[in-house]
Protein chains: 2
Amino acid sequence: MTSHEIKSTFRDAIAKSDTEQRAKIFASLADPTRLGIVELLSLQGEMSSSEIANQAEISLALLCHHSKILAESGLVYTRKDGQTRYYRLNQELIKTCFASLVEPE
Amino acid sequence: MTSHEIKSTFRDAIAKSDTEQRAKIFASLADPTRLGIVELLSLQGEMSSSEIANQAEISLALLCHHSKILAESGLVYTRKDGQTRYYRLNQELIKTCFASLVEPE
DNA sequence: AGAGAAGTCAAGTAGTTATTTAACTATTTC
DNA sequence: GAAATAGTTAAATAACTACTTGACTTCTCT
């Protein structure tokens, strides 16, 4: 194996892990319930769990499940104040993620 | 039910179906194999089934499966010339889809 | 016409995930 | 401190989907 091939393999491995990471972000937008949550946050800024659950017409338990997925992918930030948890969108991540598909890298 | 409520319900139904439609587009980007295909198309423009399958290191049967999902969501256009099928990205759809998450509607 | 190439289809398997329900842990408020 | 509020967790079910394999169609070229 030449030095070029080694470098190429390494670069491909990096690119592959990037792709998998990005696929996870898209996966967190791929469910209608979660996308609805993201759209609510996009329109209204910071919201609490109960506010989101009410407006999205889902149970608090289901919101908790989906918000964990959104937070884990990095798409939403969360903070807890007393017994209330607040969420807001990470719009920068959304922008960079889409830029990678539209502009040649 | 007042006229306002009727309109509101109708608008919500439209919004919901829009959300489901968009979720499908994101779902087609949510799989690492498909996202890899989209990234190849983004970098190289129009490609044939075999070219994609070779570069993505997947079987032609698997490419066929994934490309159907990509075409159905509208993310890729296809055309067939003889026995060869060519694919290219619908970059406009990608742009409008992301705009809906970043800018207030 | 026959051989090979390019793509499509269908069935089966294995793994993943969205949703519900119920129980449980904080945190306020009276 | 008791009751209500806000959120979290776990288990169970049901639905979905990525991938493999093998057979099949359609097209091209000699």
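What you are looking at is a predicted structure, and each value in this text was computed from that prediction instead of being measured.
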Main-chain N/O of [Y] paired to [X] side chain as donor or acceptor, under 3.5 Å:
X	Y	result
A:Asn90	A:Val76	no
B:Ser73	B:Ser28	no
A:Thr78	A:Tyr87	no
B:Ser42	B:Val38	no

Report the end-to-end axis angle of the helix from C:dA1-D:dT30 to C:dC30-D:dG1; each axis comes from five terminal pairs, and the value is rounded to 10°.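 Taking five pairs per end, the axes differ by 30°.
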Does the side chain of A:Leu35 reach to within under 4.5 Å of the side chain of B:Leu101, using non-hydrogen atoms?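 Result yes, sub-4.5 Å side-chain heavy-atom pair found.
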Just wondering, do A:Val102 and B:Leu89 contact through their side chains at under 4.5 Å, heavy atoms?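 No. Closest side-chain heavy atoms not under 4.5 Å.
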As an exercise, state the distance from CD1 of B:Ile25 to CG of B:Leu93, rounded to the nearest 0.5 Å.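 CG of B:Leu93 is found 4.0 Å from CD1 of B:Ile25.
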Output the distance between atom OG1 (B:Thr96) and atom CZ (B:Arg22), rounded to the nearest 0.5 Å.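 B:Thr96 OG1 to B:Arg22 CZ: 8.5 Å, rounded to 0.5 Å.
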Opening and closing nucleotides of DNA chain C in contact with chain A, under 4.0 Å to non-hydrogen atoms: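 The contact span of chain A on DNA chain C goes from C:dA18 to C:dT28.
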Counting neighbours of CD on A:Gln44 that are heavy atoms of other residues, nucleotides or ligands and sit closer than 6.0 Å, is the number greater than 12?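 Yes, because the 6.0 Å sphere around CD of A:Gln44 holds more than 12 heavy atoms from other groups.
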Reading nucleotides 16-30 of chain D from 5' to 3' and marking B where a protein heavy atom lies under 4.0 Å of the base, S where only the sugar-phosphate is that close, and - otherwise, the string is --BBSB-----BS--
